[in-house]
Amino acid sequence: MNNLQKKILDLKREKNAVILAHYYVSKEVQEVADYLGDSYYLSKIAAKVNAEIIVFCGVYFMGESAKIMNPNKKVLMPDLYADCPMAHMATVEKIQEIRRIYQDLAVVCYINSTAEIKANSDVCVTSSNALKVIKALTNKYIYFIPDKNLGGYISTLVPEKMFILNDGFCHVHDGISVEAILKMKDEHPKAKVVSHPECSKAVLQLSDYIGSTSGIIDFIENSTDSEFIVCTETGVFHELERKTTGKSFYAASPCQVCPDMKKNTLEKLLQSLEKLSNEVNVESDIASKSIFALEKMHQLAEGEEK
Ligand code: 13P
Ligand code: SF4
């Protein structure tokens with residue numbers, strides 16, 4: 001632990017705060033977290049945590065969802081400008097248009113979306129629970145927003161439903177090319193390719209395993225193979241190094257760093273705890289509507305971890 005980390009831990013106790021961190025933030029920030037995980041795990045923790053103050057080291061939609069589920073708690077973020085660009089790649093107008101066309105429709109929004117989009121959706125999903133949640137819906141038509149890659153992938157697993165996809169994507173995952181993976185495969189022919197479902201269809205087609213961030217970590221931990229080409233944000237490497245011995249992980253491409261997740265630095269985390277600054281606030285009308293989609297996700301996904 002360095003001095004900054006020690007100060008953060010002392011202050012956190014003094015202020016009765018809890019720190020939640022996503023696997024994509026830096027190792028130093030991961031080390032001071034009370035809870036470290038993927039977006040579904042963190043959203044479950046945020047729904048039941050007791051502390052008066054939640055400090056969310058992730059991107060804005062994560063802090064926003066924590067606030068929606070805890071309207072009476074203070075939710076802080078080290079940097080309020082840490083924002084997921086994909087969260088803004090869906091529109092209320094388009095949702096309304098699709099609702100007018102299809103009768104038996106569920107609007108399913110990836111948790112990587114704004115509170116306004118959640119308020120206009122029927123249910124949220126994360127990459128770890130999307131399959132279970134969508135299978136539990138009775139609707140024939142699914143308008144999946146914002147991520148075309150996750151939506152496209154889940155549609156192949158639920159052929160009984162008709163998916164309408166949206167054009168959103170994650171630049172970190174969608175930027176990984178087949179060529180980059182094949183080049184890495186040339187260097188490490190025995191390596192298994194493991195990918196997050198935000199990767200492109202072509203990348204998913206050549207992957208040996210597809211799963212959420214936690215799914216990838218568990219797969220590698222339990223695999224008898226020892227080399228992996230990991231197609232997700234490289235922040236997961238810290239947890240992989242902690243949980244495994246004698247295994248090697250390779251990133252396929254330099255694009256696998258989320259600049260927004262990396263805005264969460266120890267300095268900014270300390271400052272937000274000291275000053276109780278960078279508070280997340282959600283307009284009450286939006287918050288009271290968006291909570292339904294989040295609660296429905298938790299209800300339908302109960303017990304789902306990966
Ligand atoms: P997970 O649901 O796997 O944590 O993914 C969140 C995310 O932002 C992926 O880019
Ligand atoms: Fe958004 Fe992609 Fe960063 Fe995840 S990795 S927060 S989807 S930009």
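Remember, it's 1-based here, ligands and their atoms both numbered in the order they're listed. What you see is a predicted model, and the numbers here were worked out from it, not measured in a lab.
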Undergrad: Tell me: protein heavy atom nearest atom 9 (C) of ligand 1, and distance?
TA: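 Protein heavy atom with the smallest distance to atom 9 (C) of ligand 1: Glu198 OE2, 3.0 Å.
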Undergrad: Between Ser128 and Thr126, does any side-chain donor sit less than 3.5 Å from a side-chain acceptor?
TA: yes
Undergrad: I'd like to check which ligand 1 atoms, numbered from 1 as shown, lie under 4.0 Å from a non-hydrogen atom of Asp38.
TA: 4 (O)
Undergrad: Looking only at side chains, do Glu28 and Gln5 share a donor and an acceptor under 3.5 Å apart?
TA: no
Undergrad: Under 3.5 Å, is there a donor-acceptor pair linking the side chains of Glu52 and Asn16?
TA: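 Distance-only check passes for Glu52 and Asn16.
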Undergrad: Would you call Tyr23 a ligand 1 contact, heavy-atom distance under 4.0 Å?
TA: no
Undergrad: Starting from atom 2 (Fe) of ligand 2, locate the nearest protein heavy atom and write down its residue, its atom name and how far away it is, to 0.1 Å.
TA: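 That would be Cys170 SG, 2.3 Å.
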Undergrad: Would you mind listing which atoms of ligand 1 come within a distance below 4.0 Å of any non-hydrogen atom of His22?
TA: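 Contacts of ligand 1 toward His22, numbered from 1: 1 (P), 4 (O), 6 (C).
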Undergrad: Just to confirm my output: which protein heavy-atom neighbour is closest to atom 3 (O) of ligand 1, and how far is it?
TA: Thr213 OG1, 2.6 Å
Undergrad: My understanding is that only one of Asp38, Thr232, Asp260, Asn264 makes a side chain to side chain donor-acceptor pair (under 3.5 Å) with Tyr24; could you say which?
TA: Thr232
Undergrad: Suppose we measure from atom 3 (Fe) of ligand 2 to each protein heavy atom; which comes out shortest, and what is that distance?
TA: Cys258 SG, 2.4 Å
Undergrad: Please work out which of the three classes, parallel, tilted or perpendicular, describes the rings of Tyr209 and Phe219, given edges at 30° and 60°.
TA: parallel
Undergrad: Take atom CZ in Phe292; do more than 12 heavy atoms of anything else shown fall under 6.0 Å from it?
TA: no
Undergrad: Give me the residue, atom name and distance of the protein heavy atom closest to atom 2 (O) of ligand 1.
TA: Ser39 OG, 2.5 Å
Undergrad: What residue among Thr244, Val194, Val236, Ile216 forms side chain to side chain contact (heavy atoms under 4.5 Å, CB included) with Phe249?
TA: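 Option passing the side chain to side chain contact (heavy atoms under 4.5 Å, CB included) with Phe249: Thr244.
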Undergrad: Within the 4.0 Å heavy-atom shell around Glu198, which atoms of ligand 2 are there?
TA: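 Contacts of ligand 2 toward Glu198, numbered from 1: 2 (Fe), 7 (S).
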Undergrad: Hey, is CZ on Phe237 packed in by over 12 heavy atoms from elsewhere, all under 6.0 Å?
TA: yes
Undergrad: With heavy atoms under 4.0 Å as the rule, classify the contact between Asn112 and ligand 1 as side chain, backbone, both or neither.
TA: side chain
Undergrad: Go through the side-chain N and O atoms of His298 and Ser43 and say whether any donor and acceptor fall under 3.5 Å apart.
TA: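 A pair is found: one side chain offers a donor N or O, the other an acceptor, under 3.5 Å apart.
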Undergrad: If we set the cut-off at 4.0 Å for heavy atoms, which region of Tyr40 has an atom near ligand 1: side chain, backbone, both, or neither?
TA: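 No part of Tyr40 comes within reach of ligand 1.
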Undergrad: Using a strict 4.0 Å cut-off to heavy atoms of Val59, name the atoms of ligand 2 that fall inside it.
TA: 6 (S)
Undergrad: Answer with yes or no whether Cys170 contacts ligand 1, where contact means a heavy atom under 4.0 Å from a ligand atom.
TA: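 No, Cys170 has no heavy atoms under 4.0 Å from ligand 1.
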Undergrad: Any luck finding a side-chain donor-acceptor pair between Tyr250 and Glu227 under 3.5 Å?
TA: yes
Undergrad: Please state which part of Asp260 comes within less than 4.0 Å of ligand 2, counting heavy atoms only: side chain, backbone, both or neither.
TA: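 Looking at Asp260 and ligand 2, no heavy atom falls under 4.0 Å.
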Undergrad: Within less than 4.0 angstrom of ligand 1, does Glu233 place any heavy atom?
TA: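 Outside the 4.0 Å threshold, so no.
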Undergrad: Should we count NZ of Lys7 as having more than 12 external heavy atoms under 6.0 Å?
TA: no
Undergrad: Mind checking whether His173 has a heavy atom under 4.0 Å from ligand 1?
TA: yes
Undergrad: What residue and atom, counting heavy atoms only, is the protein's closest point to atom 5 (O) of ligand 1, and at what distance?
TA: His196 NE2, 3.4 Å
Undergrad: Would one find more than 12 heavy atoms of other residues, nucleotides or ligands at under 6.0 Å from atom CG of Asp167?
TA: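 Check fails, neighbour count at 12 or below.
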Undergrad: Look at atom NZ of Lys94 and say whether more than 12 heavy atoms of other residues, nucleotides or ligands are closer to it than 6.0 Å.
TA: no
Undergrad: Can you list the atoms of ligand 2 that are under 4.0 Å from a heavy atom of Pro85?
TA: 8 (S)
Undergrad: Within the 4.0 Å heavy-atom shell around Ser127, which atoms of ligand 1 are there?
TA: 1 (P), 2 (O), 3 (O)
Undergrad: Is the distance from atom 3 (Fe) of ligand 2 to some N, O or S atom of Cys84 under 2.8 Å?
TA: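 Cys84 does not place any N, O or S atom closer than 2.8 Å to atom 3 (Fe) of ligand 2.
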Undergrad: Which atoms of ligand 1 have any heavy atom of Ser212 under 4.0 Å away?
TA: 3 (O)
